[in-house]
J.: 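Starting off with a structure, shown below.
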Amino acid sequence: MFMTRERRPSEQTVAVLVSLARRPREWRHGYELCHELGIKAGSMYPILMRLADRGQLETSWESEPAAGRPARHLYRLTKAGFALLAELNAEGVAKARLARLNLRSDGA
Amino acid sequence: MMDFPARIVALSARILPRGRAEWASAMSAELSQLAEGPARWVFALECVRASLSAPAPPGRGAPGKVVSATFIAGIVGCVGTWMYVLQTWPHASREIAPATIAQFLPMVAIYLWLAIRPPEALVARGDAVRRGVGSGFLLFIVITILSPILDQVIRSADPDTLVVLLEMPAVIGTFGYIGYRLARDEGSFGAGLISAFWAGTVCSILAYNADLVTLLGRFDLEGHFQGVGGDRTLVLADPDAWLSKHVGDHLNSTMLSLRAFPILALALGAIGAGVGRFANRRAQTPPRGGVIVV
């Protein structure tokens with residue numbers, strides 16, 4: 001019998017997971033994540049879409065946007081997202097991949 | 001008034017797979033936070049890249065494994081054949097018309113796009129895609145496999161006889177009928193046109209590969225030409241120059257398969273879809289002014 005398992009997340013996906021996990025209750029903006037992690041928007045949005053599709057990312061909209069500006073999309077990890085990160089940490093994947101990205105996973 | 005980066009992001013929203021509208025709004029909202037300058041341009045262009053590589057929502061938008069596999073196999077086949085030709089007969093490259101290159105490369109790029117990430121509008125109607133691809137395969141079988149068999153049966157000296165008797169009716173009938181049928185069944189001109197489009201593109205890539213293999217299979221470096229009527233050995237002063245010339249000419253002439261089928265499919269499919277849409281409307285319109293006596 002075959003066991004099915006999802007493909008391992010890319011280094012950039014792990015970096016997004018770690019960054020979101022550092023401030024678990026805080027809603028984050030897409031551009032802020034791009035800026036913090038040095039990931040371009042062209043890569044960031046597909047990553048966020050996949051995480052949201054798998055239920056690992058929760059999305060919302062700003063309730064009080066700045067005057068004259070549209071509400072921004074907000075992101076934070078769900079329990080499934082934290083579980084994935086914990087699994088990756090247990091396997092040493094997160095630390096190894098973050099080391100290559102020169103990021104620290106202390107807060108994860 | 002929208003500036004150029006905002007227009008670019010608005011354009012990228014159109015490329016996003018259906019069901020991803022909230023992400024288009026997300027990108028647009030992020031852009032609104034950026035002041036004028038290079039960062040705004042970079043972000044806008046990155047949004048286009050994000051839209052092009054955005055995954056389809058779960059369970060939607062995939063072109064289908066058969067479609068992808070057909071186009072990928074077709075691309076590998078024809079690019080491989082071209083590479084083989086240019087390696088075997090290097091001088092043939094001088095005989096290839098610039099127009100052939102100008103058509104071949106964009107067509108390969110378009111078919112690769114259809115294989116990997118076709119636009120949402122082309123794959124949203126699953127039934128139109130399925131029936132169109134099936135029709136494309138069927139047409140390919142008729143013109144590539146049945147055609148030589150019929151040729152053997154009728155044994156006509158005129159090569160155009162077969163085209164008139166079998167291939168033209170098959171092409172016109174397939175593209176016209178699939179356009180008509182889908183438009184009539186679904187009450188949508190677009191469904192008919194999309195179905196004909198898939199029929200034409202699938203048949204095009206398959207027929208092009210078949211033509212390449214058939215025509216180039218008739219040559220070898222010793223100068224033998226396997227004609228339709230049998231093996232003829234030519235006595236040539238310069239076999240390499242002769243072969244290069246003919247191989248190059250064949251590469252030029254086989255382009256007809258690649259470009260003609262999609263064009264015919266769209267033209268004939270549009271006519272069929274127009275008729276089908278009309279038939280659908282007519283079937284749904286209640287009779288006027290009549291009195292039914294029971």
Side-chain angles (χ1 to χ4, degrees), chain A residues 4-13 15-16 19-20 26-78 80-81 84, chain B residues 1-62 65 113 116-120 123:
Chain A
T4 57
R5 185 190 162 126
E6 282 187 0
R7 208 176 58 167
R8 283 197 168 174
S10 65
E11 289 172 9
Q12 292 182 330
T13 304
V16 172
S19 176
L20 290 167
E26 201 174 309
W27 289 100
R28 311 281 297 281
H29 304 127
Y31 190 74
E32 178 195 353
L33 287 167
C34 292
H35 195 67
E36 179 189 320
L37 299 170
I39 298 173
K40 294 199 163 114
S43 303
M44 178 62 76
Y45 282 106
I47 288 171
L48 295 173
M49 287 176 200
R50 286 193 183 90
L51 289 173
D53 287 346
R54 294 175 194 144
Q56 292 155 347
L57 187 77
E58 192 178 357
T59 65
S60 182
W61 293 95
E62 263 180 346
S63 53
E64 294 174 3
R69 288 195 170 147
R72 295 166 82 181
H73 213 203
L74 307 169
Y75 315 99
R76 72 180 180 192
L77 286 188
T78 61
L84 173 67
Chain B
M1 189 179 163
M2 284 202 292
D3 63 353
F4 271 110
R7 283 174 198 270
I8 292 170
V9 172
L11 176 74
S12 76
R14 294 178 179 227
I15 308 169
L16 272 170
R18 191 181 287 184
R20 294 285 191 204
E22 74 169 307
W23 293 93
S25 306
M27 292 176 199
S28 187
E30 289 294 345
L31 183 78
S32 72
Q33 304 291 325
L34 300 177
E36 279 183 27
R40 195 170 161 82
W41 277 93
V42 170
F43 183 81
L45 293 172
E46 282 294 321
C47 285
V48 176
R49 191 164 71 86
S51 297
L52 285 170
S53 56
R60 295 181 59 175
K65 287 178 183 170
W113 181 43
I116 297 170
R117 180 72 200 287
E120 179 69 14
V123 292

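Keep in mind the model is a prediction, meaning the values are calculated, not measured. Throughout, protein chains are lettered first and strands after them, A, B, ... in sequence-line order, and every chain is numbered starting at 1.
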J.: Going by side-chain hydrogen bond (donor to acceptor under 3.5 Å, both in side chains), name the residues that satisfy it together with A:S43, two or more places apart in sequence or in a different chain.
T.: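 side-chain hydrogen bond (donor to acceptor under 3.5 Å, both in side chains) check on A:S43 returns B:R49.
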
J.: Roughly how far apart are A:H73 NE2 and B:S28 OG, rounded to 0.5 Å?
T.: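 Spacing of NE2 (A:H73) from OG (B:S28) equals 12.5 Å.
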
J.: Taking all heavy atoms of B:A50 and all of A:A41, pick out the closest pair and write down the distance.
T.: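 So the minimum-distance heavy-atom pair works out to CB-O, 3.7 Å.
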
J.: Are more than 12 heavy atoms from other residues, nucleotides or ligands located less than 6.0 Å from atom CD of A:E26?
T.: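 More than 12 within 6.0 Å, yes.
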
J.: Report the distance from atom CD of B:Q33 to atom CZ of A:R72, rounding to the nearest 0.5 Å.
T.: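 Separation between the atoms: 4.0 Å.
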
J.: Of the backbone (N, CA, C, O) and the side chain (C-beta and beyond), which part of B:L34 lies under 4.5 Å from a heavy atom of chain A, both, or neither?
T.: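 The side chain, not the backbone.
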
J.: Looking at A:P70 and B:A29, what are the two nearest heavy atoms and their distance?
T.: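 Residues A:P70 and B:A29, closest heavy atoms: CG-CA, 3.8 Å.
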
J.: For the pair A:Y45 and B:E30, evaluate side chain to side chain contact (heavy atoms under 4.5 Å, CB included) and give the outcome as yes or no after the intermediate values.
T.: CA-CA 12 Å; A:Y45 282 106; B:E30 289 294 345; 3.1 Å; yes

J.: Answer with side chain, backbone, both or neither: which region of B:S25 has an atom nearer than 4.5 Å to a non-hydrogen atom of chain A?
T.: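 For B:S25, heavy atoms of backbone and side chain both lie under 4.5 Å from chain A.
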
J.: Looking at CD of B:E46 and CD1 of A:I39, how far apart are the two atoms once the value is rounded to the nearest 0.5 Å?
T.: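 It comes to 11.5 Å.
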
J.: Measure A:A71 against the heavy atoms of chain B and call it side chain, backbone, both or neither at under 4.5 Å.
T.: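 Contact with chain B is through the backbone of A:A71 alone.
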
J.: Select one option (side chain, backbone, both, neither) describing which atoms of A:L74 are under 4.5 Å from chain B's heavy atoms.
T.: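 Neither; nothing under 4.5 Å.
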
J.: To the nearest 0.5 Å, how far apart are CE in A:M44 and CZ in B:F43?
T.: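 So the CE of A:M44 and the CZ of B:F43 are separated by 10.0 Å.
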
